[in-house]
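See structure below.
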Amino acid sequence: MPTKRKRESSKTSNTFEQESNGVVKEKTRPSSEEEYRHWLMKSEPESRYENGVDVRFGIEDLKSCPDQTACWDGVRNYQARNFMRDKMRKGDEVFFYHSNTKKPGICGICEVVRESYVDHTQFDSKDPHYDRTAKRDNPRWYMVDVKFKRMTRRFVSLAELKVLHAEHKQSGGPLKNLSLFTRARLSVQPISQEEWDYILTLESQEEKECVQK
DNA sequence: GCCAACGTTGGC
DNA sequence: GCCAACGTTGGC
């Protein structure tokens with residue numbers, strides 16, 4: 001099984017864990033209780049070693065997995081976990097985002113093919129995302145499986161999205177609340193239908209000249 | 001490699 | 001339950 005996953009804290013706490021009935025009220029973006037059917041997930045395409053283990057997992061790595069499918073293990077942030085555990089559904093579509101790299105941005109699309117289940121790496125002392133406080137009978141971290149769908153027709157860079165986000169804040173355009181900027185550090189983010197559709201239209205357009213390469 | 005932003009910890 | 005200190009994320 002491939003080891004992968006973003007840079008999420010491996011430090012943990014009980015602070016936000018109270019779940020009397022298994023339901024967590026998760027704060028989504030202020031205006032909405034809408035159910036998201038689209039997401040953005042960050043992963044690092046370049047090798048980086050955490051506790052001696054390479055945490056690289058770019059979209060090419062996903063394509064190389066059996067059935068082009070991988071578990072999204074290693075998320076150690078409560079908001080990101082809650083999205084995966086409570087909100088993601090089979091068939092949801094996901095922008096695959098390359099982070100912590102020279103040119104960050106959206107490079108492909110994948111699909112949720114298995115809904116949340118226990119992230120086994122929390123119990124593995126050799127895994128960089130080992131959580132010594134997690135108990136087998138009371139797991140803390142969950143993951144989903146995603147399957148590669150396709151590359152985007154072109155790379156949609158963070159720089160480009162940033163310019164559009166700034167414009168749309170003024171004009172009230174579709175990317176005015178994009179989580180990439182309003183919740184920048186979240187590695188699993190919700191994408192509204194409107195945002196999804198708009199970003200897909202960028203695929204078939206040239207990148208604007210004003211964007212710094 | 002720097003460091004701003006922000007999530008988490010833990011003393012009180 | 002506040003909040004200062006600390007640690008991590010991730011763009012640059």
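Values below: every heavy atom of this structure, side chains too, minus hydrogens, waters and symmetry copies. Naming convention: chains lettered A, B, ... in sequence-line order (proteins, then strands); numbering from 1 in each chain.
Straight-line distance from the NZ atom of Lys102(A) to the C1' atom of dG10(C): 15 Å, rounded to whole Å. The separation between Leu186(A) atom CG and dG7(B) atom P is 8 Å, rounded to whole Å. Taking atom CD of residue Gln79(A) and atom C1' of nucleotide dT9(C), one finds them 14 Å apart after rounding to whole Å. Atom CG in Leu180(A) sits about 11 Å away from atom C1' in dG11(C), given to the nearest Å. Rounded to an integer number of Å, the gap from Asn77(A) CG to dC6(B) P is 13 Å. In this structure, the CD atom of Glu50(A) is 7 Å from the P atom of dT9(C), given to the nearest Å. Atom CD of Glu46(A) is separated from atom C1' of dG11(C) by 13 Å (rounded to the nearest Å). Between the CD atom of Gln189(A) and the P atom of dC6(B) there is a distance of 13 Å, rounded to whole Å.
When the salt bridge (Lys or Arg N to Asp or Glu O under 4.0 Å) test is applied to Asp124(A), no partner is found at least two apart in sequence or on another chain. By the ring pair (Phe, Tyr, Trp, His ring centres under 6.0 Å) test, Tyr198(A) pairs with His168(A), sequence neighbours left out. Judged as a ring pair (Phe, Tyr, Trp, His ring centres under 6.0 Å), and not counting sequence neighbours, the contacts of Phe181(A) are His165(A). For Tyr97(A), the ring pair (Phe, Tyr, Trp, His ring centres under 6.0 Å) test picks out no residue, with sequence neighbours left out.
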Output side-chain donor-acceptor pairs under 3.5 Å for residues 104-115 of chain A, partner residues at least two apart or in another chain, one line each.
from: Glu115(A); atom 1: OE2; to: Lys90(A); atom 2: N; distance (Å): 2.9

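Rounded to the nearest 0.5 Å, atoms OH (Tyr142(A)) and CG (Asp119(A)) are 10.5 Å apart.
Contact between the side-chain N/O atoms of Tyr97(A) and the OP1/OP2 oxygens of dG11(C) is found at a separation under 4.0 Å. Under 4.0 angstrom from either OP1 or OP2 of dG10(C) there lies at least one side-chain N or O belonging to Lys42(A).
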Filtered N/O pairs between nucleotides 1-5 of chain B and protein, under 3.5 Å:
from: dA5(B); atom 1: N3; to: Arg185(A); atom 2: NH1; distance (Å): 3.0

